2 protein chains.
Amino acid sequence: MVKLDPPQREWVEAMGLFLERSGFPPSSARIYGLLLMSAEPELSFEDLVATLGFGKAAVSTGLRRLQETNRVSERTRPGERRRYFRARLGPDAGVDRFRAFNSALCDLLEKGIALRGSRADAEITADLEASARFLRFLDVELDGLRARWEANGDG
Amino acid sequence: MVKLDPPQREWVEAMGLFLERSGFPPSSARIYGLLLMSAEPELSFEDLVATLGFGKAAVSTGLRRLQETNRVSERTRPGERRRYFRARLGPDAGVDRFRAFNSALCDLLEKGIALRGSRADAEITADLEASARFLRFLDVELDGLRARWEANGDG
DNA sequence: TGTTTGGTTCGGAACCATACGAACAAACTA
DNA sequence: TAGTTTGTTCGTATGGTTCCGAACCAAACA
């Protein structure tokens, strides 16, 4: 059981809602939020169950998803059977997903342009081409941005 | 009713699935895909119903959502009561959403850092701070990127 | 007026994801 | 062996979304 102020509890909830909007299931989202807010850097399964009020089943599957996507790591302590979970903050997971998304979209748009052919309305085709060009530009530039950030050593 | 090759139909479906993953309901996603693939730049309500196989209700609400989010525009032709719908390709709607998302996340992270206080584990706090710094950097740079693209006049 | 056309809204059905409780398994302990 | 701890898995229930058909409304036209 983790001790949390009411504002801290609210923050966990807010973070939970936010992560849900980015595709996490509710249980995963709350778990991750709690791991970020807790004063302790790692929490046990039982801590999560008791603090969040979810059943063991929900915590179990919620953790599994978080681990599958590399968002949470797990370790054991010598002499203890319990496992302890810790949030992993990849600095740019969001950017990677954004780039992957854009890249897929760009491929799709280009395939679409080809399928429309020359008899189709030219204005829509031109819009599609402009979008595709912009997405390519963006992909290249985002890569440069990340390199620049990493070179600065601030991250 | 719009005439489509089988590959074109498949593309509409692929685009539909893609847009669903970005949060559109299925009907909106298919409508938007069809508007992009159709040789005609604008389609009537009846075209959408007949081509997609959705009921009128689904098309109606699907269109509403697309219009609410500025993804589709509508106009009438002189002497016709029917309305015609056209896809709007904002070149960077995705970037705007991404920036809004990051900005909200950054606010949330900073609030979280403040709520954790000084007694909490320092490593997690440092990770949160690094993430927040990166998000700020990204926001500024994305703005610059867009300006650069618009200055080039390619979009 | 009455009728047709074009589209919206409502009620119920179907579907999907997720949560819970309970049964289960695996690893220690006594 | 019997019992405790630490989770996982399974079946069922529930909540939320979206669809369809039908009723409805508003505009144009006869």
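Throughout, a chain's letter reflects where its sequence line sits, starting with A, and its residues are numbered from 1. These numbers were taken from a predicted model, which means no experiment stands behind them.
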Gap between atoms CZ and C1', on B:Arg75 and C:dG6 respectively (whole Å): 17 Å
Residues that A:Phe98 engages under ring pair (Phe, Tyr, Trp, His ring centres under 6.0 Å), provided they are two or more places apart: B:Phe98
Contact list for DNA chain C against residues 19-47 of chain B - heavy-atom distance below 4.0 Å: B:Phe45
Rounded interatomic separation in angstrom, taking CZ from B:Arg83 and C1' from D:dA27: 12 Å
A:Arg65 vs C:dA17: side-chain N/O to OP1/OP2 distance below 4.0 Å: no
Only distances under 3.5 Å count here; give the side-chain donor-acceptor pairs of residues 55-66 of chain A to other protein atoms, sequence neighbours excluded, each with its distance to 0.1 Å.
unit_1, atom_1, unit_2, atom_2, d
A:Thr61, OG1, A:Ala57, O, 3.4
A:Thr61, OG1, A:Ala58, O, 3.3

Separation of atom CZ in B:Arg82 from atom C1' in C:dT8, rounded to whole Å: 18 Å
Whole angstrom value for the distance that separates C1' of C:dT8 from CG of B:Leu66: 16 Å
Residues that A:Arg81 engages under salt bridge (charged side-chain N to carboxylate O under 4.0 Å, His left out), provided they are two or more places apart: none
Common cluster, A:Leu135/A:Phe101, ILVMFWY with side-chain heavy-atom separation under 4.5 Å: yes
Which residues share a salt bridge (charged side-chain N to carboxylate O under 4.0 Å, His left out) with B:Asp139, sequence neighbours left out: B:Arg99
For A:Glu80, all residues meeting salt bridge (charged side-chain N to carboxylate O under 4.0 Å, His left out), sequence neighbours excluded: A:Arg82
Residue list, salt bridge (charged side-chain N to carboxylate O under 4.0 Å, His left out) with A:Glu10, at least two apart or on another chain: none
Whole-Å distance separating the CZ atom of B:Arg64 from the C1' atom of C:dG7: 11 Å
Spacing of B:Leu63 atom CG relative to C:dG6 atom P, expressed in whole Å: 15 Å
The helix from C:dT1-D:dA30 to C:dA30-D:dT1: angle between end helix axes, five pairs per end, rounded to 10 degrees: 10°
Footprint string (nucleotides 20-30 of chain C, 5' to 3'): B base within contact, S backbone only, - free, heavy atoms under 4.0 Å: BB----BB---
Gap between atoms CG and C1', on B:Leu52 and D:dT18 respectively (whole Å): 15 Å
Spacing of A:Leu48 atom CG relative to D:dT6 atom P, expressed in whole Å: 14 Å
What donor-acceptor contacts under 3.5 angstrom involve side-chain atoms of residues 11-24 of chain A, with partners at least two apart or in another chain?
unit_1, atom_1, unit_2, atom_2, d
A:Trp11, NE1, B:Leu108, O, 2.9
A:Glu13, OE1, A:Arg30, NE, 3.1
A:Glu13, OE2, A:Arg30, NH2, 3.1
A:Glu20, OE2, A:Arg30, NH1, 2.8
A:Glu20, OE2, A:Arg30, NH2, 3.0
A:Ser22, OG, A:Phe18, O, 3.1
A:Ser22, OG, A:Leu19, O, 3.2

All ring pair (Phe, Tyr, Trp, His ring centres under 6.0 Å) counterparts of A:Phe54, not counting sequence neighbours: none
Within 6.0 angstrom of B:Arg119 CZ, more than 12 heavy atoms from elsewhere: no
Residue pairs fulfilling side-chain hydrogen bond (donor to acceptor under 3.5 Å, both in side chains) with at least one residue in residues 120-130 of chain B, sequence neighbours excluded: B:Arg116-B:Thr125
